[in-house]
Amino acid sequence: MLLLAAADIAAVAPAFAQDAKPAEGEAVDIDFAANQLDYDSDGDIVTASGDVRMTREGNRVRADRIVWKRKTGEVRAEGSVIVQGTEGDLAYGDSVELKDTLRDGVVENLLIVLRDGGRLAATKAVRKDGISSLDRAVYSPCRVVNDEGCPKEPIWKITALRVTHNPVKNRISYKDARLEFLGVPVLALPALSHPADDRGGTGFLIPDVQYTKNNGLEVALPFYVLFGPNRDLTVTPHIFSDVAPLLQADYRHLTRGGAYQFSSYGTYGRRVSANDPTGAGFQDFRGYFEGSGRFQLNQRWSLSGSARVASDRTFLRRYDISRDDRLRSTVNLERTTRSSYLSIEGWAFQTLRTGESQGQFPVALPAIDWRKRLADPFSGGQIELQLNSLALIRTSGQDTQRAFAGARWDLRRITPWGQEVKLTAYGRADAYHTDDVLATATADYRGQPGWTGRAIGALAAEVRWPLVGEFLGGQQRLTPRLQLVGTPKTSNLKVPNEDARAVDLEDSNLFALNRFAGYDRWEDSSRVTYGVDWAWDAPGLRIDANIGQSYRLTNNQTTFPDGTGLFGRTSDIVGRTNVRYKNFISFTHRYRLDKDSLAIRRNEIDATVGSNRTYATVGYLRLNRNIGPQLEDLRDREEVRLGGRLQFARYWSLFGSTIIDLTGRREDPASLADGYEPVRHRIGITYEDDCLTFGFTWRRDYDAQGDARRGNTFQLRLSFRNLGR
């Protein structure tokens, strides 16, 4: 490696490359690469020509010819000049005058290509301390060439007398600018600043404009504040033509041990009763808060939580924030090791449904669950110990406290013939205490007042026999399954039912040890369950299916209501079918057939056909269980969901969706629907390319509650890439 010194360099060396030591006191080298290198010892001038490349501290210059005056520190690059900074942005020019730091200088006919593909062009630019000041400049993130490589006019651009590009702050600032769309000036911008790429920065975001039946014309103008790489805040004032303004704030923070976020809404407006929407109402504060977070305290302990609280039952729907009818708040402290798990939780609920009493909704504090896994030293199986407690408190309803201790043993073996055998033993002791049982309307959910105990036990054996072979050009796997469960009669109705109300036989719980969803009900009596799983794989195509049924060996009356599929000795028949063809077709069908008449008691379909650009989705659900209205958790229903997207041009697409409630009096005697009740329709059109997004959406809501009336919503969205961020 040769050092440049005060001596003549007359030789011409193709593909010459060397380190050039800067002037006295400089500690950083300058790297050269060129086809030819000349040195004027009298003037201390280095002239490089022929694909010249010059690098210093991550700053790079490439040109046909570079002249470096070592005494003054001036570098002049000529011919197809490319300057690349440490941030990755590229600057193109006819001629460039730089300092030997390669950061500062003057450029004629400048073109800057930003890291994300955006472009800045100017007749002249001065760069000092890495900041570029451009005269008579134009900026656009849009493509300037088509697919054939021919030049094209960008869809939109910003022209200005002066533009400043600060790569350190990642900002582009304008003076006396104007926005041009399709070559036509549409907006004057005396002062403007936005991020140089899609990383974001402090400033206004894209406004949201829409019209709703409830609030009239709405304009939302978010302001984004970036406190650092791990914290930001968005403050959004919502201005309405028919109601008082609303203020929204969203905050996010990523810490060393976790992350949390919250959103809050607030306004002072007219509130009416959800039960009497035509009433006079009164002026009051209305708002909503939601937040969530999770923190890893150390290797084993973690803390997570979420909170959702609304001022009244119609605020979320009135301001189109959410259509949830119940809000849940939780906190959970967890400890996890390789063989144990501890959870200490708290739950609270808020109802937004008309006619429901808030006092009937419990606060669960605490809900404690501890589990420990142990290896069976005798048979090689696995033992799991469990301790669980729960306290439910209601302000005007039944209070319940529960605690139990349980143990489970599992052993899995593969026989020489290929069968998979699983043996299970389970035992549990429960203790309950209840107050105010008459406050619970459904008698089956109450239990006995005071202290009540019960013991639960079960033995189970399950056998699977996978049979694998070729079929129709693919590979199939046929797996018959047989399960035997023995358990004594259990006094279920003596204890309250808080967590096992919505029971329904389906393919996911057919072979479960307890087919109730929670702990408060236990499926007693012995039974045999049988079924078959089938899978078939071919190039690009996969089919999975299963079907099964169970039969009780004893004639004991069970606690399952008639219509759940588990009433009587023989259960209904349940199954599921999944079909997937590449990424084009996805189809899932779940069903339950009546054991006597083979009538369809559950029919659920979810299907998607198409690509990412053009697709259609269909969802259908019908529950025809014939359960009376006395069990509000098991009512029948029927609905259909349709959605789709059609891309009819390269950048244009249509989209839409609808939800229709098909429930009638035949399915649910307590329903007010007439068998065809639209819930929500939505249709829109959008244009999206590399630098512009435009969309118009119409939505109609048919569900009215309180001052959240049914009606139309029209939304307009126009987004310019990198603007409004």
Side-chain angles (χ1 to χ4, degrees), residues 85-89 114-118 129-131 141 164-174 191-208 219-239 245-267 285 287-311 315-316 319-322 324 327-334 336 346 348 693 717 719-725:
T86 56
E87 295 81 15
D89 299 336
L114 304 175
R115 184 171 57 178
D116 73 330
D129 297 329
I131 301 175
T164 302
H165 173 224
N166 189 332
V168 177
K169 294 184 178 181
N170 192 40
R171 302 294 297 182
I172 299 177
S173 304
Y174 303 84
L192 175 66
S193 175
H194 65 81
D197 56 26
D198 55 4
R199 286 179 290 175
T202 298
F204 286 99
L205 305 182
I206 297 298
D208 185 17
V219 178
L221 185 59
F223 185 78
Y224 178 78
V225 182
L226 182 64
F227 295 111
N230 63 329
R231 292 187 301 146
D232 59 28
L233 171 69
T234 303
V235 179
T236 308
H238 298 257
I239 309 299
L246 177 142
L247 187 64
Q248 173 187 354
D250 302 278
Y251 182 77
R252 301 182 299 177
H253 190 187
L254 176 64
T255 69
R256 295 178 62 89
Y260 66 94
Q261 61 181 356
F262 69 79
S263 298
S264 59
Y265 301 78
T267 186
F285 171 81
Y288 169 67
F289 174 85
E290 69 175 6
S292 62
R294 182 176 179 85
F295 298 91
Q296 193 69 36
L297 305 180
N298 55 39
Q299 186 177 5
R300 295 183 175 180
W301 287 92
S302 64
L303 177 66
S304 61
S306 64
R308 300 184 70 191
V309 182
S311 61
F315 177 81
L316 295 181
Y319 291 94
D320 202 21
I321 299 171
S322 171
D324 293 340
L327 305 181
R328 183 180 65 183
S329 299
T330 68
V331 61
N332 188 13
L333 179 65
E334 295 176 289
T336 305
T693 300
R717 178 168 179 81
S719 174
F720 297 94
R721 182 181 177 186
N722 293 344
L723 287 188
R725 294 183 58 102

Would you compute the distance between atom [atom1] of [X] and atom [atom2] of [Y] and round it to the nearest 0.5 angstrom?
X      : Y      : atom1 : atom2 : result
Phe227 : Arg252 : CZ    : CZ    : 12.0 Å
Arg300 : Glu334 : CZ    : CD    : 15.0 Å
Tyr224 : Asp232 : OH    : CG    : 3.5 Å
Ile321 : Tyr265 : CD1   : OH    : 5.0 Å
Ile172 : Thr164 : CD1   : OG1   : 10.0 Å

CA sep, side-chain torsions, deciding dist, call: His253, Asn230, side-chain contact (heavy atoms from CB on, under 4.5 Å): CA-CA 6 Å; His253 190 187; Asn230 63 329; 3.6 Å; yes

Partners meeting side-chain hydrogen bond (donor to acceptor under 3.5 Å, both in side chains) with Ser329 (sequence neighbours left out): none

Tell me, do [X] and [Y] make a side-chain contact under 4.5 Å, heavy atoms counted?
X      : Y      : answer
Leu246 : Phe315 : yes
Ser322 : Arg308 : yes
Leu233 : Val235 : yes
Leu297 : Leu333 : yes

Ring geometry between Phe204 and Phe223 (parallel below 30°, tilted from 30 to 60°, perpendicular above 60°):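 Ring orientation of Phe223 relative to Phe204: perpendicular.
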
Within the side chain of [X], is there an N or O that forms a donor-acceptor pair under 3.5 Å with the backbone of [Y]?
X      : Y      : result
Thr267 : Pro245 : yes
Thr202 : Leu226 : yes
Ser304 : Arg294 : no
Asp324 : Leu327 : no

Residues forming a salt bridge (charged side-chain N to carboxylate O under 4.0 Å, His left out) with Arg717, sequence neighbours excluded: none

What heavy-atom pair brings [X] and [Y] nearest, and what distance separates the two atoms?
X      : Y      : value
Gly258 : Phe295 : CA-CD2, 3.9 Å
Arg231 : Tyr251 : CD-OH, 3.2 Å
Phe285 : Gly266 : CE1-CA, 3.9 Å
Leu221 : Leu205 : CD1-O, 4.0 Å

Any donor-acceptor N or O pair under 3.5 Å, side chains Arg328, Ser306: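 There is no such pair between these side chains.
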
